[in-house]
Amino acid sequence: MSGESFNPYRMAQQQFDGVAQQLGLDEATRALLRVPDREVHFNIPIRMDDGGYQVFRGFRIHHNTARGPAKGGVRFHPQETADTVRALAMWMTWKTAVVDIPLGGGQGGVICDPHNLSMREQEALCRGWVRKIVDVLGPDRDVPAPDVMASAQHMVWMLDEYEQLVGRKAPGAMTGKPIGLGGSLGRIESTGYGVIFAVREALAELGSRIEDATASVQGFGNVAQHAIDLFHSYGGTVTCVSSWDQKEQAAFCFRKKDGVQLKELRSMTNSYGEISRAKAADAGYEVLPGDAWIEQEVEVLIPAAMENQINRDTVKNIKGSVKMIAEGANGPTTPPADAVIKERGIWLLPDFLANAGGVTCSYFEQVQSNMNYFWTRDEVISKLDSKMTDAYYAVSHMARRRSIPMRDAAYMIAIARVAEACKLRGWV
Ligand code: GLU
């Protein structure tokens with residue numbers, strides 16, 4: 001399942017089928033949960049700055065809403081497909097369930113490249129996306145948030161369009177909003193921080209000290225940057241990061257053996273997380289090919305970019321020093337690579353557990369927006385820490401008790417919770 005044949009939806013179903021079998025899930029529940037509940041695919045025609053029109057393809061997919069309104073991101077990406085959105089919607093159902101927040105799973109996207117769109121065109125796209133699906137959105141139906149290449153500004157445009165259409169304020173209808181406009185303190189750093197809360201507990205369980213640990217990170221977007229930030233503040237060292245280069249249509253890695261400097265790298269990075277190679281080289285970073293991040297002699301690998309990064313081909317390059325992989329991205333590891341990781345005894349923190357901090361904080365944001373009273377950053381971060389820590393130990397205890405990989409244990413907990421909700425509602 002590497003290269004061209006990779007399909008994230010097939011992968012998500014394959015993971016689900018394996019665990020459904022182990023759980024002895026009945027046929028009706030399997031039939032309900034292995035496909036999305038509903039899908040909307042639509043055109044978004046936009047008047048471009050040059051006066052011409054362009055039609056973009058948009059999606060919103062609800063996988064399951066038994067535990068609450070659909071919840072999940074919107075991704076703007078040129079390679080977006082319906083199957084990617086289906087997979088992400090399904091993973092959102094498991095993500096909200098594993099951290100036990102009262103939400104379901106959904107995901108949306110638009111096939112586009114924001115690099116090539118002006119701010120006005122991006123605004124038109126966000127508003128057009130909402131106009132096409134206003135009937136399925138809302139604080140009690142489906143609550144979108146940012147995903148790859150989407151920002152707080154995009155969420156405000158979407159919220160504003162939604163509020164104009166329904167004729168009232170509804171700040172709980174979108175999350176990932178800017179601070180001061182319904183956003184929650186801590187939301188921006190929550191996904192990356194959540195990854196490191198889980199890594200901190202996992203290292204402690206393995207008997208390692210985070211302050212002695214080294215890590216290599218794939219990606220330099222929001223998740224990666226905040227994961228690096230917290231890992232550094234615990235005293236750990238990140239020796240390598242990778243970042244996408246839009247002009248070259250390729251990724252590059254940036255290495256400093258004694259540790260990369262976050263502030264320095266940020267000063268040479270654009271808003272999409274693309275690090276300038278020339279500036280990095282001037283600042284003494286080794287610039288390496290994009291796949292070098294996986295070949296580093298570190299204890300922790302943090303893939304925080306896209307799907308299908310640790311696969312049959314690349315898994316071989318993981319060094320013997322690696323004790324742990326924490327999936328900041330959604331779907332970075334394919335099932336064949338999972339099998340190798342299991343055999344090598346590397347402790348893997350699966351995506352829908354490791355990166356659940358974002359949606360957990362989205363839930364906090366929704367709660368604050370709905371009651372129109374906002375918490376301090378410390379309150380948000382400490383609630384996030386408790387949620388992530390509890391979820392981590394629930395999964396790790398299950399994994400140890402049953403001698404199964406962390407991914408299977410997380411699936412077992414999540415699927416059992418969702419199946420139970422479906423049963424209680426009398427759906428199956
Ligand atoms: N897109 C993020 C994720 O994959 C956040 C989802 C949300 O907050 O609803 O977890």
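Each ligand, and each atom within it, is numbered from 1 in the order the structure gives.
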Strictly distance-based, threshold 3.5 Å: is any side-chain N or O of K387 a donor or acceptor partner for the main-chain N or O of D100? yes
Mind telling me whether F76 and H154 have parallel, tilted or perpendicular rings, with 30° and 60° as the class edges? perpendicular
How close do G331 and F6 get, heavy atom to heavy atom, and via which atoms? O-CZ, 4.5 Å
Does the ring of Y9 carry R86 above it, NZ/CZ under 6.0 angstrom from centre and within 45° of its axis? yes
I need the atoms of ligand 1 closer than 4.0 Å to a non-hydrogen atom of D147, numbered in the order shown. 1 (N), 4 (O)
Should one rank K95, Q107, R75 by closest heavy-atom distance to atom 10 (O) of ligand 1, which comes out on top? K95
Using every non-hydrogen atom in the two residues, find where S184 and Q368 come nearest and quote the distance to one decimal. OG-NE2, 2.9 Å
Go through ligand 1 atom by atom and flag the ones less than 4.0 Å from a non-hydrogen atom of M92. 3 (C), 4 (O), 6 (C), 10 (O)
Atom 8 (O) of ligand 1: which protein heavy atom is closest, and how many Å away? S362 OG, 2.5 Å
Quick one: which ligand 1 atoms are inside 4.0 Å of a heavy atom on N330? 4 (O)
What's the shortest distance from atom 7 (C) of ligand 1 to any protein heavy atom, and which residue and atom give it? A145 CB, 3.3 Å
Is the positively charged end of R400 above the ring of W347, judged by distance under 6.0 angstrom from the centroid and angle within 45° of the axis? yes
shortest atom 9 (O) of ligand 1-to-protein heavy-atom contact is with K71 NZ, 2.7 Å
Polar proximity ligand 1 side, P146 side, N/O cut 3.5 Å exclusive: yes
Kindly confirm or rule out an N or O of R187 lying under 3.5 angstrom from an N or O of ligand 1. yes
Aromatic rings Y193 and F197: how do their planes relate, parallel, tilted or perpendicular, breaks at 30° and 60°? perpendicular
